[in-house]
Amino acid sequence: MPKEVSNVEVNGHVIPLSHLDKVFWPQEGLKKVDLIHYYSEAASYLIPHLQERPLVWTRYPDGINSKGFYQKNAPAHLPDWIDTFTYYSQESDRDIHFILVSGTADLVWLANQAALEMHPWLSRAAAPDYPDFVVIDLDPSPGNTYKQVVQVAWTVKQVLDELKLHSYIKTSGAEGLHIYIPVQNQYDYKQIRDFAQSVAAAVCHLLPELATIERKVNKRGSLIYVDYLQNARGQTLCAPYSVRPRSGAPVSCPLHWEEIDLIEPSQFTIKTILPRLHQYGDIFAPVLNDRQSLAEAQERLGILAGMV
DNA sequence: GCGTACT
DNA sequence: AGTACGCAACGCCTA
DNA sequence: TAGGCG
């Protein structure tokens, strides 16, 4: 394929676009240009969820059936108008320069780098040790149906309702569902994780035939994994509206709770989600400002745990 | 996807 | 000039 | 402390 480069100007930044006709999703014939177009159109909905958060991204320069890779350190050729956040990694004794997405141009540049998945931290660069949400990741085992995942999700909601906490749900973009509980950013990762563990354990106690917090795959059987361990610094969950490297080009799609019974996760793709977005707007926006206290819930969970 | 480091 | 390579470790839990 | 996990 000849390398043809065309320039596009976004918010005053000239971005060279290359390999636009390269096929990224062979089954559907979706090309790199479709990816760039999607992120460009979804930018205003996605950016609030990426803003100020150190970003881990995955890239698939030769399409989803070829080898992809994670990236967190900004490459040397990063344009100088994209912000970074320097974080010292004790393990590898070096600084990591995380990208901080702040505008549409950033996303277009990333898409041209063949970035598919956007994995923002749960905490912001200004307070890296204090997450803004608790997350619960419902991860089905092979053989689980979407309906079963939905049943577990409703039980998570029931537990959180009893704790008087608002929760928000989205598809993972694959088979699972992600539940977010936005909190005041005054709890550290350990507190957040302990809380998530209590919720996950309560759910598994209510649904012993369907859900587990067992992390070892071979001991999980055919139960749905209620993963609370993503509540740790540097751990990542794909952002709302992030593309996934799977056939069909699905995206992680925020839902109204009542919708989870009515949809199939695979119906939300880079080709189908935009009209929904334009019609309903970002229904995940409350996750960014519904800052809840965990004090009462922690107390009630403590009592609950004592009873079990 | 692209810059760098080898041959 | 062509090609190979890197591009992510990290935190957590269990044994 | 090593190994598995995501």
Side-chain angles (χ1 to χ4, degrees), chain A residues 1-6 15-24 31-33 35-36 39 54-64 66-79 82 84 87-99 108-123 128-129 131 134-142 172-178 188-198 200-201 204 212-221 223-238 244-245 252:
Chain A
M1 189 171 306
K3 171 164 173 168
E4 275 184 44
V5 175
S6 56
I15 304 168
L17 303 181
S18 58
H19 309 291
L20 292 176
D21 284 330
K22 203 163 178 179
V23 174
F24 275 21
K31 299 174 174 178
K32 191 181 166 194
V33 66
L35 175 72
I36 296 171
Y39 271 129
L55 181 72
V56 180
W57 32 313
T58 66
R59 300 172 62 187
Y60 291 79
D62 297 311
I64 62 160
S66 298
K67 199 158 84 183
F69 55 92
Y70 280 82
Q71 184 146 3
K72 55 187 188 189
N73 209 4
H77 60 278
L78 188 81
I82 296 183
T84 60
Y87 189 83
Y88 174 71
S89 162
Q90 219 149 14
E91 280 301 302
S92 49
D93 186 30
R94 61 170 179 142
D95 284 335
I96 312 263
H97 305 279
F98 288 91
I99 285 178
V108 171
W109 184 85
L110 282 163
N112 188 61
Q113 294 292 302
L116 259 65
E117 293 177 293
M118 307 295 169
H119 298 264
W121 282 19
L122 304 182
S123 50
D129 294 326
V134 181
V135 296
I136 308 263
D137 175 11
L138 304 183
D139 188 11
S141 298
S172 70
E175 313 293 325
L177 292 170
H178 294 160
D188 64 23
Y189 274 103
K190 170 93 168 95
Q191 291 173 290
I192 290 289
R193 188 167 54 252
D194 285 348
F195 174 79
Q197 178 177 22
S198 300
C204 294
T212 180
I213 52 172
E214 171 58 53
R215 197 155 59 106
K216 269 197 159 41
V217 167
N218 59 10
K219 290 174 73 178
R220 205 179 287 166
L223 300 181
I224 290 160
Y225 179 39
V226 183
D227 186 357
Y228 63 90
L229 288 167
Q230 304 282 16
N231 296 283
R233 191 184 55 219
Q235 299 303 95
T236 51
L237 211 61
C238 98
R244 306 304 304 274
S252 172

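These numbers come from the heavy atoms of this one structure, side chains and all, not from hydrogens, waters or symmetry mates. Quick note on labels: first sequence line is chain A, next is B, and so on, each numbered from 1. Since the model is a prediction, treat every value here as computed from it, not as a measurement.
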In whole Å, I'd like the distance from the CG atom of A/Asp194 to the C1' atom of C/dG11. 14 Å
Can you tell which of A/Leu35, A/Leu17, A/Val33 makes a side-chain contact (heavy atoms from CB on, under 4.5 Å) with A/Asn112? A/Leu17
In whole angstrom, what separates A/Gln113's CD from B/dG1's P? 9 Å
Let's see if you can work this out: which of C/dA8, D/dG6, B/dC2 has an atom nearest to the side-chain heavy atoms of A/Arg220? D/dG6
Any A/Arg59 side-chain N or O less than 4.0 Å from OP1/OP2 of C/dC7: no
What is the separation between atom CG on A/Leu122 and atom C1' on D/dG6, rounded to the nearest whole Å? 13 Å
Give the rounded distance in Å between these two atoms: NZ of A/Lys216 and C1' of C/dA15. 7 Å
Determine the contact category for A/Lys32: base if any of its heavy atoms lies under 4.0 Å from a base atom, sugar-phosphate if only primed atoms, P, OP1 or OP2 are that close, otherwise nothing. sugar-phosphate
Test item: A/Tyr189 side-chain N/O and A/Ser123 main-chain N/O as donor-acceptor pair under 3.5 Å: yes
For A/Arg59 and A/Ala114, indicate whether the former's side chain and the latter's backbone hold a donor-acceptor pair under 3.5 Å. no
Those residues at least two apart in sequence (or on a different chain) that pass side-chain contact (heavy atoms from CB on, under 4.5 Å) with A/Lys67 are none
Could you check how far CZ of A/Phe69 sits from P of B/dC2, rounded to whole Å? 11 Å
Rounded to the nearest Å, what distance is computed from the CZ atom of residue A/Arg244 to the P atom of nucleotide D/dG6? 13 Å
Angle between ring planes, A/Tyr70 versus A/His119, binned at 30° and 60°: parallel, tilted or perpendicular? tilted
Take the angle between the ring planes of A/His77 and A/Trp109 and call it parallel below 30°, perpendicular above 60°, tilted in between. tilted
Does C/dA8 have its OP1 or OP2 closer than 4.0 Å to a side-chain nitrogen or oxygen of A/His119? no
In whole angstrom, give the distance that lies between atom CG of A/Asp62 and atom P of B/dG1. 6 Å
Would you please enumerate the stems DNA chain C participates in, each stem being three or more consecutive Watson-Crick or G-U wobble pairs with both distances under 3.5 Å? B:1-7 with C:1-7, C:10-15 with D:1-6
For A/Ile96, is there any backbone N or O sitting under 3.5 Å from a side-chain donor or acceptor partner on A/Asn73? no
If the C1' atom of C/dA8 is compared with that of D/dC5, how far apart are they to the nearest Å? 15 Å
Residues of residues 225-236 of chain A with any non-hydrogen atom less than 4.0 angstrom from an atom of DNA chain C: list those, numerically ordered, please. A/Leu229, A/Ala232, A/Arg233, A/Gln235
May I ask you to say what A/Ala114 touches in the nucleic acid, namely base, sugar-phosphate or nothing, with a heavy-atom cut-off under 4.0 Å? sugar-phosphate
Quick check for you: among C/dC13, C/dA9, C/dC7, whose closest atom lies nearest to any side-chain atom of A/Lys72? C/dA9
At 4.0 Å (heavy atoms only), tell me whether A/Lys67 reaches a base, stays on the sugar-phosphate, or touches nothing. nothing
Between the main-chain N or O of A/Pro128 and the side-chain N or O of A/Arg233, is there a donor-acceptor pair closer than 3.5 Å? no
So what does A/Phe24 touch, heavy atoms closer than 4.0 Å: a base, only the sugar-phosphate, or nothing? sugar-phosphate
Is any side-chain heavy atom of A/Lys32 closer than 4.5 Å to a side-chain heavy atom of A/Pro61? no
5'-most contact on DNA chain C: A/Gln197 or A/Arg94, nearest heavy atom basis? A/Arg94
Mind checking if A/Val217 touches a base, just sugar-phosphate, or nothing, with heavy atoms under 4.0 Å? sugar-phosphate
A/Leu110 side chain reached by A/Met118 side chain, heavy atoms, under 4.5 Å: yes
I want to verify a distance call: between C/dA8, B/dG1, D/dG6, whose nearest atom is closest to the A/Asp137 side chain? D/dG6
What is the distance from CD1 of A/Ile99 to P of C/dA8, rounded to the nearest Å? 11 Å
